[in-house]
Structures are given as C-alpha cells and as structure tokens.
Amino acid sequence: HCEWAFHNYIYYFGILHSLPEIRKVKNIMQGTGAVNSVGLDVPLNQSEMFNAGTQIVYNRPMGMGLQPSWAVHQYDRDQELNQTITKLKKRLVETLDYDEPAI
C-alpha cells in the first residue's frame with residue numbers, strides 16, 4: 001500500500017509537474033486499464049469481476065460489458081484466486097521439458 005500511496009501523493013500534489021513527461025501520465029480508474037489490481041477490497045467470489053466457473057478475472061464494466069483483464073496484480077490477496085493460479089502454475093511447470101533447448 002505504501003508504493004500506491006506514494007505514487008498518489010507525488011501525482012496529486014504536483015511534486016513532479018515540472019517534468020515534461022509527467023503530463024503524459026494518464027490516471028485510470030482501478031479495474032479499467034491493462035493491469036487490474038484486485039487487492040483486498042472485496043473478495044472476488046463476491047464480485048462481478050470474477051467468474052469462478054471460467055476462472056477469469058474481468059475489468060469493471062465500461063460501456064462494452066465485462067472484458068477479461070489482461071493482467072491481474074495482487075491476485076495473491078484473494079485466497080480463492082491465489083489457490084487457482086497456484087494450481088495452474090504447478091500444472092504448467094509439470095509440462096516443461098527441461099532437457100529440451102529453449103527456442
């Protein structure tokens with residue numbers, strides 16, 4: 001939470017406004033950008049942002065309905081999603097052939 005609070009502080013209090021590149025920073029509502037930070041706010045199984053049947057995390061509905069998140073940050077904060085992703089990671093690692101050269 002500290003990094004998030006720090007970024008908000010330097011952005012909203014204009015600490016970096018003298019830098020020309022800061023004007024290109026876009027403020028995007030949580031759950032609508034390319035990276036969806038799920039954190040601890042609401043358990044995903046109590047939210048429309050997670051479909052337990054498909055195991056997909058969705059962005060907030062913004063005009064075009066629910067869209068799957070491209071990347072989910074802090075998924076480990078949600079117990080059910082963390083367990084699901086841990087199982088998927090284990091299955092993926094089990095399929096790797098470490099004797100086969102990388103492409």
Side-chain angles (χ1 to χ4, degrees):
H1 295 293
C2 181
E3 119 189 13
W4 177 64
F6 180 70
H7 289 141
N8 279 341
Y9 175 81
I10 63 175
Y11 180 79
Y12 288 109
F13 284 91
I15 307 300
L16 302 176
H17 282 192
S18 63
L19 301 172
E21 294 299 314
I22 199 69
R23 292 181 185 91
K24 296 180 182 178
V25 171
K26 293 181 181 179
N27 188 10
I28 299 174
M29 185 174 82
Q30 187 277 330
T32 63
V35 178
N36 189 348
S37 291
V38 293
L40 289 171
D41 296 339
V42 174
L44 285 177
N45 64 3
Q46 297 175 15
S47 164
E48 67 179 355
M49 294 175 67
F50 180 63
N51 182 321
T54 61
Q55 304 294 310
I56 294 176
V57 175
Y58 293 95
N59 279 2
R60 293 184 189 279
M62 300 291 289
M64 296 179 2
L66 292 174
Q67 301 294 319
S69 298
W70 290 17
V72 179
H73 178 56
Q74 298 179 328
Y75 67 84
D76 60 324
R77 305 308 192 332
D78 185 89
Q79 185 178 11
E80 182 179 348
L81 185 59
N82 189 27
Q83 289 173 354
T84 299
I85 291 178
T86 298
K87 288 176 190 174
L88 290 171
K89 289 190 295 188
K90 285 180 181 178
R91 275 192 244 146
L92 175 64
V93 169
E94 289 170 357
T95 66
L96 296 176
D97 182 357
Y98 293 100
D99 294 325
E100 187 176 313
I103 298 175

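Scanning both residues, Ser69 and Tyr58, for their nearest heavy atoms gives OG-C, 3.4 Å.
Distance check, rounded to the nearest 0.5 Å: NZ of Lys87 to CD of Gln55 gives 8.5 Å. Distance check, rounded to the nearest 0.5 Å: OH of Tyr75 to OG1 of Thr86 gives 6.0 Å. Remark: Asn82 CG to Asp76 CG distance equals 5.5 Å, nearest 0.5 Å. Atom OG1 in Thr95 sits 15.0 Å away from atom NZ in Lys90 (nearest 0.5 Å). Distance check, rounded to the nearest 0.5 Å: CD1 of Ile85 to CG of Asp78 gives 9.0 Å. In this structure, CD in Gln74 is found 4.0 Å from CZ in Arg77, a value given to the nearest 0.5 Å.
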Stepwise side chain to side chain contact (heavy atoms under 4.5 Å, CB included) check, Phe50 with Ile56: CA-CA 6 Å; Phe50 180 63; Ile56 294 176; over 6 Å; no

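Phe13 and Ile10 end up in the same hydrophobic cluster when Ile, Leu, Val, Met, Phe, Trp and Tyr side chains are linked at under 4.5 Å. A chain of hydrophobic side-chain contacts below 4.5 Å, direct or via other Ile, Leu, Val, Met, Phe, Trp or Tyr residues, connects Phe6 to Leu16. Using a 4.5 Å cut-off between side-chain heavy atoms of Ile, Leu, Val, Met, Phe, Trp and Tyr, with links allowed through other members, Tyr9 and Leu19 fall into the same hydrophobic cluster.
Within the structure, the salt bridge (charged side-chain N to carboxylate O under 4.0 Å, His left out) test picks out no pair touching residues 6-19 (sequence neighbours left out).
Lys24 and Glu21 are joined by a salt bridge, as a carboxylate oxygen and a charged side-chain nitrogen come within less than 4.0 angstrom of each other.
Asn36 places no side-chain N or O within 3.5 Å of a backbone atom of Val57 that could act as its donor or acceptor partner.
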